[in-house]
Amino acid sequence: MNSSKVKDQATGDAPGQNEEEARQSAGIELLKDMLSPQSKADPKEGITIGNNGDIDQECSVMAIVPLPEPLPLATSPGMQTTPSLPGAYSVTSAFYIMAETDLEASPRPTNCETDSTTGPSPIDLDCMTTTNNAPTEEELAEATLIEQGMQVATPVEDKQKTKASPAKAYGVIFMVGLVVILAVSFGVVCASRSTNPVASHYRAWNIRKQLEESMGDGDYYFETSEHNEFQDVALHNRALDWLVVDDPLQLDADASNLLQRYLLALFYYQTSQNGPWLNCAPPIKGSQERTMCYFSRSGFPGESEAPAMRWLSGTSECQWAGVVCVDGVVEGLEFSKNNINGHIPTELAMLSQMKTLVLSHNALSGPIPNSTFLPAALERIYIDHNGLTGTIPGSLFHKLQKLTQLRLRSNRLSGSLPTEVGMYPGTLLLLSYNQLHGTLPTELFDLGRLEALVLDHNKISGTIPTLIGNLVNMKGLYLDSMQLSGTLPSEVGRMKSLTILELSQNQQLQGTIPETLFVGVPHLSVLMLDGCSFTGTISKQIGPHLEVLSLANNNFHGHIPTELSSVASDLSVLRVNGNNLTGTFPNEICVKMTKFSATVVADCTPDHAENNGVPAMACQCCTECCNRKTRICLKQ
């Protein structure tokens, strides 16, 4: 473009009859250059950089100029306005007029009809030069300002000059409304993820503060704490992060179930460190995994599985598998055979209303928390068949005063029974298959309300004290497979409620069986004394309710009394092998026992070494015959 020509036309120095037309042509050519992709505008300097990279100072009047304050634009049909942002760069009104028009294809009008209502547009240069009515001085001044790229303010009271196109107005309103709707929708979608940093931090701070107040010392749980060996700060923070960020329910700090939901989330993270749960673990993030699962509380075959909700799903925590609630409050956790691993979470103490804790047949390890870290309301604790180690805390017996059943069978617990066991308020104490040693504390026999004591398969030694007679409510006493010695005291006859007595595999137990056991214990149904060193003859006073009698591998001698025939109809197991018994197995007993397919075992294998092939005892109804010397038994 010829810059000298533009200079002459822009300054009004060129002579001639078509001065106005030349000025208009120059403005059009300049705008075409500005709209060209190769041209650039430098808003900081108010100048135009042309196609050849030269700076044309003379054309600066048509450039984009910085406005410290936005100026109102004159509006007319076919004209657009820019947003009124303080300090923004405003494009001239002439720029917008030309941007809407095909500069090369549109013919220039030669005549403009004046609308009776609005008159010609105040910024239409063609109409101003070809109209029949000569332009006023005001119009000429206004046109000159437009040519120079400056915005023209129109008086508010002049409604005819400021009347905008209704269609464009509606379009602007529509676009603004659409933007608002999209913004609100985006805000609603993102609200659950706390897109507002201030609101998110404020909510997180409130939740943490509420949890700290509910749990006591906040540093005890959320910060590094050297005095508590059981706390894992990372897992606490992980549970807190889930509650604040990932929990679909997005609870507020004042929610009544905030603490218990946090504690259950923490329970999951603490008991899945060494592997995922087998059933009803949280759904994998981003997957289509269903939130519903099927769960068996005991985990044993045959028990029907019931539908439940996965942990950490967007439902009430009371609907999660294994969680037992009453009126929205957790009163039980029941997880058997579910690969619950790690240590027993000490934070369970915060579930103050929990009455049942069933974690049998899992992979728990570490020590048993003392009563400080267990709910005081607990009535049943089943943590059998795990890998617990350490000793049994004494406080477990005397501080949990509502505890009725304690099952710690099949772990790796060591140490001796604490003397506090004498304050145990429960009726069932199951500690078998551990590594307990020491002797039976005398305080143990103060538990008059105890109904079942199961200590078998430990390394407990010593004698059975005469205080055993104090266990008047005892129904099942399991002291087999230990290292007990001495005799069975006659005071055992005071245990009027006893139905099961197991003393097998205590090789140092000796002496005779007191007659009081058969006379004073009328409901005795199971008597297992095999693998001991008892002597004497088999009593003729055996009670009428006996179902299992196992006297194998002792030192009994004599004959099998025919009086057993009076109870033979109830006997399902009779083992007398491995003794010094002689004679023939009474036929009266055989007749009654064969009717019920009972198990009968005696030393009825021919003894070729000492008895010339004659068996130690002839038996026609034995289901197994054994060799007295080799202790080998064969089914018949």
Side-chain angles (χ1 to χ4, degrees), residues 474-478 480 488 492-493 495-505 509 512-532 534-607 611 613-628 630-636:
M474 183 67 67
K475 296 179 180 179
L477 181 59
Y478 300 80
D480 52 300
L488 180 62
V492 70
M495 302 172 68
K496 304 296 182 181
S497 301
L498 191 63
T499 59
I500 300 174
L501 177 60
E502 290 201 14
L503 298 174
S504 301
Q505 307 304 321
L509 277 179
T512 60
I513 306 299
E515 289 294 318
T516 55
L517 178 61
F518 304 111
V519 177
V521 185
H523 303 291
L524 187 64
S525 61
V526 177
L527 178 60
M528 300 189 68
L529 304 177
D530 51 301
C532 297
F534 289 113
T535 59
T537 60
I538 298 176
S539 174
K540 300 178 180 181
Q541 303 294 326
I542 293 178
H545 301 292
L546 200 64
E547 298 177 4
V548 177
L549 177 60
S550 183
L551 305 175
N553 301 320
N554 278 280
N555 293 317
F556 293 109
H557 60 272
H559 299 278
I560 296 177
T562 58
E563 285 79 3
L564 280 178
S565 61
S566 61
V567 299
S569 58
D570 294 325
L571 278 174
S572 59
V573 176
L574 177 59
R575 297 178 180 274
V576 292
N577 57 295
N579 285 286
N580 296 318
L581 299 173
T582 58
T584 302
F585 199 93
N587 187 57
E588 295 88 346
I589 299 176
C590 282
V591 171
K592 292 186 176 181
M593 294 192 68
T594 53
K595 292 182 179 180
F596 303 100
S597 301
T599 299
V600 181
V601 185
D603 293 327
C604 51
T605 297
D607 189 352
N611 205 18
V614 177
M617 177 177 289
C619 180
Q620 299 179 354
C621 60
C622 286
T623 58
E624 293 184 35
C625 283
C626 304
N627 185 292
R628 179 183 296 175
T630 63
R631 304 288 176 92
I632 296 176
C633 300
L634 300 174
K635 290 185 177 181
Q636 300 298 301

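Here, residue 1 is the first one in the sequence, and each next residue gets the next number.
- Across all non-hydrogen atoms, the minimal contact from Pro544 to Asp570 is O-OD2, 2.9 Å.
- Under the 3.5 Å distance criterion, the side-chain polar atoms of His557 are left unmatched by any main-chain donor or acceptor of Thr537.
- The minimum heavy-atom distance linking Pro615 with Cys604 is given by the pair CB-O, 3.4 Å.
- The line from CG of Asn627 to CG of Leu634 is 9.0 Å long, rounded to the nearest 0.5 Å.
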**Item:** side chain to side chain contact (heavy atoms under 4.5 Å, CB included) between Ser572 and Thr599, worked out
**Value:** CA-CA 6 Å; Ser572 59; Thr599 299; over 6 Å; no
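- Considering CD1 of Ile513 and CG of Leu529, their distance stands at 4.5 Å, rounded to 0.5 Å.
- Phe585 contributes atom CZ, which lies 4.5 Å from atom CG of Leu574 (distance to the nearest 0.5 angstrom).
- Within the 4.5 Å cutoff, side-chain heavy atoms of Leu527 are placed close to those of Phe518.
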**Request:** Evaluate side chain to side chain contact (heavy atoms under 4.5 Å, CB included) for Met495 paired with Leu501, printing each intermediate quantity in order.
**Result:** CA-CA 11 Å; Met495 302 172 68; Leu501 177 60; over 6 Å; no
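- Panel note: side chain Asn554, backbone Phe534; a donor-acceptor pair is recorded below 3.5 Å.
- Counting heavy-atom neighbours within 6.0 Å of His545 NE2, excluding the residue itself, gives a total above 12.
- Looking at every heavy atom in both residues, Pro514 comes nearest to Val492 through CG-CG1, 4.1 Å.
- A donor-acceptor pair is defined here as one N or O able to donate and one able to accept, closer than 3.5 Å; such a pair exists between the side chain of Lys592 and the backbone of Ser565.
- Here the straight-line distance linking atom OG1 of Thr605 with atom CD of Glu624 works out to 10.0 Å at 0.5 Å rounding.
- Taking the side chain as every heavy atom from C-beta outward, Gln505 and Asp530 approach each other to under 4.5 Å.
- Side-chain N/O atoms of Thr535 and Asn555 include no donor and acceptor closer than 3.5 Å.
- Note: Gln541 CD to Glu563 CD = 8.5 Å, rounded to the nearest 0.5 Å.
- Taking all atoms of both residues into account, the shortest heavy-atom contact from Pro561 to Lys540 is CB-CG, 3.9 Å.
- Without hydrogens or angle criteria, Thr623 side chain to Val600 main chain gives a donor-acceptor distance under 3.5 Å.
- The side-chain contact (heavy atoms from CB on, under 4.5 Å) test with Arg628 singles out one residue from Asn579, Asn553, Asn577, Asp603, and that residue is Asp603.
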**Asked** How far apart are the C-alpha atoms of Cys625 and Cys633, what are their side-chain angles, what is the distance that settles it, and do they pass the disulfide bond (SG atoms under 2.5 Å apart) test?
**Response** CA-CA 5 Å; Cys625 283; Cys633 300; over 6 Å; no
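- Taking 4.5 Å as the limit, some side-chain heavy atom of Met617 sits within range of a side-chain heavy atom of Ile560.
- Summarising the local packing, CD of Glu515 is surrounded by more than 12 heavy atoms from other residues, nucleotides or ligands at distances under 6.0 Å.
- For Ile542 against Leu546, the heavy-atom pair with the smallest separation is CG2-CD2, 3.2 Å.
- Using a distance-only test at 3.5 Å, with no hydrogens or angles considered, a donor-acceptor pair links the side chain of Ser525 to the main chain of Thr499.
- Remark: SG of Cys590 is found under 2.5 Å from SG of Cys621.
- Separation of atoms SG (Cys622) and CE (Met593) is listed at 9.0 Å; rounding is to 0.5 Å.
- His523 and Lys496 get closest at one heavy-atom pair: CD2-O, 4.0 Å.
- Side-chain contact between His559 and Thr582 is present, with at least one heavy-atom pair separated by less than 4.5 Å.
- Using a 4.5 Å cut-off on side-chain heavy atoms (C-beta onward), Leu517 and Leu524 make contact.
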